[in-house]
Protein chains: 2
Amino acid sequence: MRVVIARCAARYTGRLSATLPLATRAIMVKADGSVLLHSDGGSYKPLNWMSPPCTLRITDPDADAAAGGARQLWVVQHAKTDDRLEIEIHEVIADTEHELGVDPGLIKDGVEAHLQELLAEQITLLGEGHTLVRREYPTAIGPVDILARDSIGRAVAVEVKRRGDIDGVEQLTRYLELLNRDPLLAPVQGVFAAQEIKPQARVLAEDRGIRCLVLDYESMKGAEDLSSRLF
Amino acid sequence: MRVVIARCAARYTGRLSATLPLATRAIMVKADGSVLLHSDGGSYKPLNWMSPPCTLRITDPDADAAAGGARQLWVVQHAKTDDRLEIEIHEVIADTEHELGVDPGLIKDGVEAHLQELLAEQITLLGEGHTLVRREYPTAIGPVDILARDSIGRAVAVEVKRRGDIDGVEQLTRYLELLNRDPLLAPVQGVFAAQEIKPQARVLAEDRGIRCLVLDYESMKGAEDLSSRLF
DNA sequence: CGTGCCAGGTGCCGT
DNA sequence: ACGGCACTTGGCACG
């Protein structure tokens, strides 16, 4: 990985066009050729960047750019699209390179998959007497997170989300439409289950007869710990 | 901005939990206290990070960590939430700091806002005799990009996208449903306008009686330049 | 300040 | 390769 601190200007063309006036920034060049142009604030997102696969070519600036103070021109060209990032280097303040090696990668915990797993285990959170049919129940347009039956055997389709947004309600609506075409399942009740349900999503869901269920991840995790301690 | 190359391990807790085994990585500490932990590949997204506002506190590792080889413990704590990033530094390979100053920021061109603006100006692209009612026409569930009237006064709701995907069709469908409840507007015709419309989105749109309109950004921009030259 | 929507989204996993 | 979908999504603009 190469890190260059430089006064530079940049221009990106591709899916959109963007220009970056002259200023001091950090340029990170990764082993795969990808380039990140960071300012000293904002978020983790660079001001400009080029994702792999791409190649970096360093040349002399043309006469105009040189007259404007440019010392180098970096052209980062994407290998498959016509996305291109051009960086005009006016002054190099620091330039270091280090071998990092392959990263073992991140291990995550607590995402939607876990929430779905917990709800499947604690299926009666849907209501007294509910039983699990299966997780990831397949339909023509993709799997429903959870299919269950209520206490008197009626089908219940559940969409699990960490954050319950309008998109999720649309998704569940599409599944319900398909599931309701199956005479062995219809009529299928919909449940929109999330740690947090946005008001507009709730309105839309209830307008469509979909029940909303707010999940408490911590207490569900506690219940799991408790039940595992019983064995 | 401080850039440290170090052999390190990390742990994030907050919205989820994630751990990162020991490896050599680049750590970027920005002026606002935010921290980015980059590997030598992937995209612009760091392996772990902490967004501002947050504070970095550097301490000695506890006895266990020290026995495991840790030399420093970096704790990055978010100011408002309980998000926290802990980095165990085992070996510092490089450590540099530079003053970058405030960045003048990025100038973008060609995003959806501009496309919407151009279409509002060139509203007859919807068809002969169309007139603009307003951009960002408000509804209970959010603003419709463009509301117009056709040559004989019928309402037309337009959803503008750079890339026309199924989501956009769903969005427009929701708006149409609401707008059609307004007797002053109904019946409202839907137009899905995008630089590129995915086949599946086109099928869905046309199935719902929504007209698809492919926009040529370059030619629309050219028309704008021409009209501005007339003044 | 919450709420919805766009993003050069990126990444992961399925057909 | 394309499509669907989650993401510590982040970021912005508007009520």
Indicate, with a heavy-atom threshold strictly under 4.0 Å, whether [X] touches base, sugar-phosphate, or nothing.
X	answer
A/Pro199	sugar-phosphate
B/Tyr137	nothing
A/Glu170	nothing
A/Asn48	base
A/Arg174	sugar-phosphate

Given atom [atom1] of [X] and atom [atom2] of [N], what is their separation to the nearest angstrom?
X	N	atom1	atom2	result
B/His114	D/dC12	NE2	P	19 Å
B/Asp167	D/dC5	CG	P	9 Å
B/Gln116	C/dC6	CD	C1'	12 Å

Set out, line by line, the N/O atom pairs under 3.5 Å between protein and nucleotides 10-13 of chain C.
residue	atom	partner	partner atom	Å
C/dT10	O3'	B/Ser43	OG	2.7
C/dG11	OP1	B/Ser43	N	3.0
C/dG11	OP1	B/Ser43	OG	2.3

Let me have the donor-acceptor pairs involving side chains of residues 24-39 of chain A, under 3.5 Å, with sequence neighbours excluded, atom names and distances please.
residue	atom	partner	partner atom	Å
A/Arg25	NE	B/Asp103	OD2	2.5
A/Arg25	NH1	A/Cys8	O	2.8
A/Arg25	NH1	A/Pro21	O	3.0
A/Arg25	NH2	A/Pro21	O	2.7
A/Arg25	NH2	B/Asp103	OD1	3.1
A/Arg25	NH2	B/Asp103	OD2	3.3
A/Lys30	NZ	B/His38	ND1	3.1
A/Lys30	NZ	B/Ser39	O	3.2
A/Lys30	NZ	B/Gly41	O	2.8
A/Lys30	NZ	B/Ser43	O	3.2
A/Asp32	OD1	A/Ser34	N	3.1
A/Asp32	OD1	A/Ser34	OG	2.7
A/His38	ND1	B/Lys30	NZ	3.1
A/Ser39	OG	A/Gly41	O	3.4

Quiz item: Taking C-beta and beyond as the side chain, do B/Tyr217 and B/Leu118 meet within less than 4.5 Å on heavy atoms?
Solution: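 Sidechains of B/Leu118 and B/Tyr217: in contact.
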Quiz item: Taking the P atom of each, how far is C/dG8 from D/dC5, in whole Å?
Solution: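 C/dG8 and D/dC5 have their P atoms separated by 23 Å.
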Exercise. Quote, to the nearest angstrom, the C1' distance that separates C/dC6 from D/dC7.
Key: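 Roughly 15 Å separates the two C1' atoms.
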Practice problem: Decide if atom CZ of B/Arg174 counts as having more than 12 heavy atoms of other residues, nucleotides or ligands within a radius under 6.0 Å. | Solution: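 Check passes, neighbour count above 12.
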Practice problem: Check every atom of C/dC1, D/dA1, D/dC7 against the side chain of A/Lys80 and return the nucleotide holding the closest atom. | Solution: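 Among C/dC1, D/dA1, D/dC7, the one nearest the side chain of A/Lys80 is D/dA1.
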Quiz item: Which of these nucleotides, D/dC5, C/dG8, C/dC6, is closest to any side-chain atom of A/Tyr12?
Solution: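 Side chain of A/Tyr12 sits closest to C/dG8.
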Quiz item: Got a second to check how far A/Leu16's CG is from B/Arg162's CZ, nearest 0.5 Å?
Solution: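 Rounded to the nearest 0.5 Å, the CG-CZ separation comes to 7.0 Å.
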Distances for protein N/O vs nucleotides 13-15 of chain D N/O pairs under 3.5 angstrom?
none

Quiz item: If you measure from the Lys or Arg side-chain nitrogens to the Asp or Glu carboxylate oxygens, is any gap between A/Glu170 and A/Arg208 under 4.0 Å?
Solution: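 Here A/Glu170 pairs with A/Arg208 in a salt bridge, since their nearest N and O are under 4.0 Å apart.
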Quiz item: On DNA chain C, nearest-nucleotide positions of B/Arg163 versus B/Gln171: which is more 5'?
Solution: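 The answer here is B/Gln171.
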